[in-house]
Amino acid sequence: MNLKQLVERGFYTGELCRGGDEEKQCPKWLAAKNQAILMDRLRRLYMDVAGIDGDESLSDVGRAKKKSDLATKALAEIEADAGRLRGLIETKGGTAQSRLARASHVGESDIDRLARLLTVQNQQRFLMDLDGQSLLGELARAVRDGDGTTYEAITSLPTFILRDKGITKEVVDASRREMSRRVDPSAAADVESAEVMARLVAEDLATAQRVVREHCGLPEENKVRTL
């Protein structure tokens with residue numbers, strides 16, 4: 001999709017963030033707001049570039065310079081706006097996550113918490129002796145039965161141990177979502193919505209950045225990869 005197509009059609013992800021609550025400024029509403037801001041900025045950029053292309057007083061070099069300046073300014077603006085809105089979405093998600101954590105251990109005293117942690121540690125010694133298939137079976141059973149102690153014992157194991165036993169991050173994430181729905185369906189739904197909408201904002205920004213660079217002839221931004 002190029003800039004012209006994006007301006008005419010909008011983001012293909014638009015349907016995913018409809019139905020948000022403006023009064024609560026929920027993650028869906030914030031993601032939709034991000035798309036609206038992006039589209040407004042992209043439409044103005046498209047018209048400005050068309051004006052530059054039609055200006056016969058400009059040389060090719062002058063035309064390219066004006067487009068580059070416009071694109072640089074537009075990119076800075078959309079990156080700042082998307083960053084701000086994504087930050088708000090992540091804050092909403094953090095609040096929902098706190099609600100979920102409180103619901104998981106509602107009414108728990110300090111002594112109760114210590115006893116739970118000791119029980120979890122004791123279970124981990126047993127669980128680490130299981131093979132991958134058996135450990136996966138225990139995780140599935142804990143989620144199915146709402147056994148929070150066994151669930152916590154497994155999911156709090158070091159990542160390298162879970163990986164060595166064939167339990168991937170995707171499996172752990174799926175079990176965490178399912179367990180969260182058992183504990184507090186409303187908070188779990190809010191956490192999931194925030195996670196999805198934060199990714200959506202990032203994807204929409206990446207799309208906007210790409211089409212702006214292509215349309216205005218800017219080189220791709222250098223990305224430093226860390227191993």
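Residue pairs meeting the side-chain hydrogen bond (donor to acceptor under 3.5 Å, both in side chains) criterion with at least one member in residues 16-27, sequence neighbours excluded: E15-R18.
Neither side chain, E203 nor T13, offers a donor N or O lying under 3.5 Å from an acceptor on the other. Side-chain N/O atoms of S186 and D184 include no donor and acceptor closer than 3.5 Å.
Using a 4.0 Å cut-off between charged nitrogen and carboxylate oxygen, D190 and R99 count as a salt-bridge pair. Remark: D60 engages R63 in a salt bridge, criterion side-chain N to carboxylate O under 4.0 Å. Salt-bridge check for D48 with R44: failed, with every basic side-chain N at 4.0 Å or more from each acidic carboxylate O. Salt bridge D53/K67: present, at least one basic N to carboxylate O contact under 4.0 Å.
Between the CE atom of M47 and the CG atom of L42 there is a distance of 13.5 Å, given to the nearest 0.5 Å. With values rounded to the nearest 0.5 angstrom, R144 atom CZ is found 9.5 Å from R182 atom CZ. The CZ atom of R86 lies 12.0 Å from the OG1 atom of T91; values are rounded to the nearest 0.5 Å. In this structure, NZ on K169 lies 12.5 Å from CZ on R163, to the nearest 0.5 angstrom. The CH2 atom of W29 lies 14.0 Å from the OG atom of S193; values are rounded to the nearest 0.5 Å. For the atom pair SG of C17 and CG of L200, the computed distance is 5.5 Å after rounding to the nearest 0.5 Å.
At a threshold of 4.5 Å between non-hydrogen side-chain atoms, the residues R213 and L75 count as touching. At a threshold of 4.5 Å between non-hydrogen side-chain atoms, the residues L127 and E138 count as touching. Using a 4.5 Å heavy-atom threshold, the side chains of L139 and V171 count as touching. Looking at L162 and L135, their side chains come closer than 4.5 Å, going by heavy atoms from C-beta outward.
Taking a 6.0 Å sphere around NZ of K165, one finds it holds more than 12 heavy atoms contributed by other residues, nucleotides or ligands. Within 6.0 Å of CD on Q133 lie no more than 12 heavy atoms contributed by other residues, nucleotides or ligands.
Paired with I78 under the rule side chain to side chain contact (heavy atoms under 4.5 Å, CB included), one option of L38, D204, N34 passes, and it is L38. Here the options are R199, R177, K92, R181, the test is salt bridge (charged side-chain N to carboxylate O under 4.0 Å, His left out), and the partner is E192; only R181 passes. Screening K65, K66, K73 for a salt bridge (charged side-chain N to carboxylate O under 4.0 Å, His left out) involving D69 leaves a single residue, K65.
Linking Ile, Leu, Val, Met, Phe, Trp and Tyr residues whenever their side-chain heavy atoms come within less than 4.5 Å places I167 and M128 in a single cluster. Following chains of ILVMFWY side-chain contacts shorter than 4.5 Å, one cannot reach F11 starting from L85, and the two form parts of different hydrophobic clusters. Tracing side-chain contacts under 4.5 Å through hydrophobic residues (I, L, V, M, F, W, Y), one never reaches M179 starting from V191; they form parts of separate clusters. Tracing side-chain contacts under 4.5 Å through hydrophobic residues (I, L, V, M, F, W, Y), one never reaches I52 starting from V61; they form parts of separate clusters. Taking hydrophobic clusters as Ile, Leu, Val, Met, Phe, Trp and Tyr residues chained together by side-chain heavy-atom distances below 4.5 Å, I37 does not share a cluster with Y12.
When all heavy atoms of K28 and L16 are compared, the closest pair comes out as CE-O, 3.6 Å. Scanning all heavy atoms of the two residues, the minimum distance from C26 to G20 falls at SG-CA, 3.6 Å. The two residues A82 and L205 come nearest to each other via the heavy atoms CB-CD2, 3.9 Å. In terms of heavy-atom proximity, A142 sits nearest to Y151 at CB-N, 3.7 Å. Contact record, R41 with L70: NH2-O, 4.4 Å, taken as the closest heavy-atom pair. When all heavy atoms of C216 and V49 are compared, the pair lying nearest together is SG-CG2, 3.9 Å.
The main-chain N or O of A153 is found under 3.5 Å from a side-chain atom of Q124 such that the two form a donor-acceptor pair. A donor-acceptor contact shorter than 3.5 Å links the side chain of S156 to the backbone of E152. In this structure, N122 contributes its side chain and L118 its backbone to a donor-acceptor pair below 3.5 Å. Panel note: side chain D145, backbone D147; no donor-acceptor pair is recorded below 3.5 Å. T119 places a side-chain N or O within 3.5 Å of a backbone atom of A115 that can act as its donor or acceptor partner.
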